[in-house]
There are 2 protein chains.
Amino acid sequence: MKTQRVPEATINRLSVYSRFLERLDEKGIITVSSNDIAEGVGVSPPQVRKDLAYFGEFGTRGVGYNVQDLMRYTLKILGLNEPWPLLLVGAGNLGIALSSYYRGFNNRGFSVVGIFDNDLNKIGRKVGNLDVYPPEMMPEIINKHGVRVGVIAVPAKTAQDVADLMVKNGLDAILNFAPVSLNVPDHIVYRNVDLSVNLEILTFNLGLRESQIDTGNL
Amino acid sequence: MKTQRVPEATINRLSVYSRFLERLDEKGIITVSSNDIAEGVGVSPPQVRKDLAYFGEFGTRGVGYNVQDLMRYTLKILGLNEPWPLLLVGAGNLGIALSSYYRGFNNRGFSVVGIFDNDLNKIGRKVGNLDVYPPEMMPEIINKHGVRVGVIAVPAKTAQDVADLMVKNGLDAILNFAPVSLNVPDHIVYRNVDLSVNLEILTFNLGLRESQIDTGNL
DNA sequence: TAGATTGTTAATCGATTAACAATC
DNA sequence: TAGATTGTTAATCGATTAACAATC
C-alpha cells in the first residue's frame with residue numbers, strides 16, 4: 001500500500017462531502033453518483049472521484065455510491081468515528097459562540113468540555129452548562145476528558161501565550177481563531193482560522209468587479 | 001496594463017500581510033524586508049514578493065518596504081480604504097459573536113449595522129447596541145447605510161432562503177457561515193466559511209500521524 | 001564601491017480536468 | 001446486452017520555488 005500524499009484541498013472537500021452525505025442520508029436517499037455529489041457541493045464530478053480514490057474504492061461502477069456506507073467511510077477517514085472533547089480558551093463573545101456552535105445539533109462529535117479564561121470577572125461564570133475555569137485547571141480537565149485538541153479564542157496579543165500553555169499541557173492539536181500566526185513545535189497539528197480574511201477576499205472581489213466594469217473587461 | 005489573474009491564495013495571504021504590517025506599524029517599525037514578512041506570517045520570501053508583484057512595485061531594492069506605505073497599499077488593494085457596513089442574519093450564538101467580532105478593535109473597517117432574525121422571540125431584543133429586526137426591514141437598513149455585504153449565520157436549513165432574500169434585496173456579496181453550499185446568481189460575490197471543516201482537517205491529521213507512527217513512517 | 005534586497009524569469013512541483021477502459 | 005458510472009491514467013493548468021539580474 002503506497003501512501004500517496006493527500007492534498008489538503010482534498011481533506012477540505014472530503015469534510016464537505018461527508019456533511020452532504022449526512023443530509024442525503026437524513027432524507028432517506030440510498031444511492032448517489034459522483035455527479036450528484038459534485039452538483040450538491042459545487043465541484044466537478046472527476047474531482048469527487050479523484051478525492052475518494054486517495055482512500056479506496058467505495059463505489060460500484062454503473063451504479064454509484066451507497067450513501068450510508070460512503071458517509072461512514074468519510075467520517076472514519078476524517079477521524080470522526082470517535083467523539084472529540086475540546087478545550088476552549090477565551091470566554092469572550094467568540095469563545096461563547098464557538099462553544100455553543102460545537103455543541104450544536106450538527107456537531108459531528110465535537111464538544112467543548114472546558115472553557116478557560118484568565119479574566120477574574122469571567123472565571124466561575126457559566127457558559128451554557130459549563131463553568132469558566134482558570135488556566136491552572138487545564139491539566140485536570142485535559143486528564144479527566146482525555147482532551148487532545150485546544151481551541152484559541154482570545155485576542156491576538158495573548159494568543160501565543162495560550163498556545164504555549166496548551167503545548168506545555170500536552171495537547172496534540174490547536175485551532176487558532178486569533179488573527180496572528182503562532183509558533184508551535186512541529187509535532188503539534190496546528191491551524192489558523194481567520195474570520196476577517198474571508199470578508200476581505202469578498203471586498204477585494206467587489207473592488208475587482210468594479211474596476212472590470214470600468215474598463216469594460218469581463 | 002495587462003491584468004493578470006490573481007490567485008485566490010494570493011489575496012488570502014495579502015490580507016494576512018496587511019494585518020502583520022499593521023502590527024509592525026503599531027510598534028513603530030519603519031522598514032521591513034520580504035524576509036521579515038515571510039518569517040512573521042509563515043510563508044517563503046519569494047512568495048511575498050511574487051504576491052505583491054501582482055499589484056505593483058512597492059519596495060526599494062537593497063532596502064525593503066516602507067511599513068506604513070505598504071500597509072496602506074495592501075488595505076487599498078483589499079478595498080479597505082473605505083468602511084464596510086454589514087448586514088447580519090441570524091441572532092443566535094454565532095450571529096451574536098460575529099457581530100461583536102466584526103465590531104472589535106481590529107475590525108479593519110467592518111461593522112454590523114443591522115441584525116435580522118425571523119424568530120419572534122429574538123426580534124426587538126438588543127444585541128450589543130443593535131436591535132434585532134424582522135426580515136421585512138432589510139430594504140430600509142440596506143438603504144440607510146448603503147449595505148452591500150450580507151453575512152449568514154443561520155442553521156443550514158434556512159440558509160438558502162436567507163441568501164435568496166439578500167439577493168432579492170440587492171446585496172452584492174454574501175458570506176455564509178451555515179454548513180451548506182448555497183446557490184446564488186453569478187453576479188453575487190459569494191463565500192462559504194465552515195468552522196467545522198477546519199476542526200475536521202485537524203482530526204484527520206491527528207489520525208494520519210498515528211497511522212504513520214504505527215507503520216514506522218515519518 | 002560593496003552589500004543588500006527587490007522584481008521577475010525560468011524551472012519545478014502539485015493539483016485539476018479530460019478522457020476512457022473497466023465493469024456493474 | 002445496453003446503459004451507466006466508477007476508478008485511473010495522461011494531459012493540462014496553475015501555483016510555488018529557485019535563481020539571478022537590476023538597482024538602491
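Proteins get letters first, then strands, A, B, ... in listed order; numbering begins at 1 in each.
One atom, CD of B:Q47, and another, P of C:dT9, lie 17 Å apart when rounded to the nearest Å. Taking atom OH of B:Y54 as the reference point, atom P of C:dT9 lies 12 Å away to the nearest angstrom. Distance CG (B:D36) to C1' (C:dT6): 13 Å, rounded to an integer number of Å. A straight line from NZ of A:K50 to C1' of C:dG14 spans 10 Å, rounded to a whole angstrom. Taking atom CZ of B:F55 as the reference point, atom C1' of C:dG7 lies 15 Å away to the nearest angstrom. As a whole-Å value, the separation of B:F58 CZ from C:dT8 P is 11 Å. As a whole-Å value, the separation of A:D51 CG from D:dT6 P is 14 Å. Atom-to-atom, CG of A:N66 to C1' of D:dT6 comes out at 15 Å; the value is rounded to the nearest Å.
Residues passing the salt bridge (charged side-chain N to carboxylate O under 4.0 Å, His left out) test with A:D172, sequence neighbours excluded: A:R148. A:N143 meets the side chain to side chain contact (heavy atoms under 4.5 Å, CB included) test with no other residue; sequence neighbours excluded. Taking the side chain to side chain donor-acceptor pair (under 3.5 Å) definition, one finds that B:D25 meets it with B:Q68, sequence neighbours left out. Contacts of A:D51 classified as side chain to side chain donor-acceptor pair (under 3.5 Å), with partners at least two apart in sequence or in another chain: A:T10, A:R13, A:Y17. Applying the side chain to side chain donor-acceptor pair (under 3.5 Å) test to B:N205 and every residue at least two apart in sequence or in another chain returns nothing. Considering only residues two or more places apart in sequence or on other chains, B:R191 meets the salt bridge (charged side-chain N to carboxylate O under 4.0 Å, His left out) condition with B:E8. The side chain to side chain contact (heavy atoms under 4.5 Å, CB included) search around A:Y190 returns A:I174, A:N176, A:L182, A:V184, A:N192, not counting sequence neighbours.
Under the 4.5 Å side-chain criterion, counting only non-hydrogen atoms from C-beta, B:I201 is not in contact with A:S15.
Ranking C:dT6, D:dT6, C:dA19 by closeness to the A:P46 side chain, first place goes to C:dA19.
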Its dot-bracket string being built from Watson-Crick and G-U pairs below 3.5 Å, with | for another strand and [ ] for crossing, DNA chain D has the pattern ..||||||||||||||||||||||

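In terms of phosphate contacts, A:S44 brings a side-chain nitrogen or oxygen within less than 4.0 Å of OP1 or OP2 of C:dT17. The phosphate of C:dT6 has OP1 or OP2 within less than 4.0 Å of a side-chain N or O from B:S34. Here B:Y65 reaches the OP1 or OP2 of C:dG7: one of its side-chain N or O atoms lies under 4.0 Å away. Within the structure, a side-chain polar atom (N or O) of B:R5 is placed less than 4.0 Å from OP1 or OP2 of D:dA15.
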Any N/O pairs under 3.5 Å between the protein and nucleotides 20-24 of chain C? List them or say none.
from   : atom 1 : to    : atom 2 : distance (Å)
C:dA22 : N3     : A:R61 : NH1    : 3.0
C:dC24 : O4'    : A:R61 : O      : 3.2
C:dC24 : O2     : A:R61 : O      : 3.4

Under 3.5 Å, sequence neighbours excluded: what are the donor-acceptor pairs made by side chains of residues 81-91 of chain A?
from  : atom 1 : to    : atom 2 : distance (Å)
A:W84 : NE1    : A:G79 : O      : 2.8

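Against DNA chain D, the stretch residues 8-17 of chain A makes no heavy-atom approach under 4.0 Å.
Using a 3.5 Å distance cut-off with no hydrogens or angles, the side chains of B:S18 and B:R108 do pair a donor with an acceptor.
Closest approach of B:F116 to B:M138, counting heavy atoms only: CE2-N, 3.5 Å.
Residue pairs that meet the side-chain hydrogen bond (donor to acceptor under 3.5 Å, both in side chains) test with at least one member in residues 34-46 of chain B, sequence neighbours left out, are B:S33-B:D36, B:S34-B:R49.
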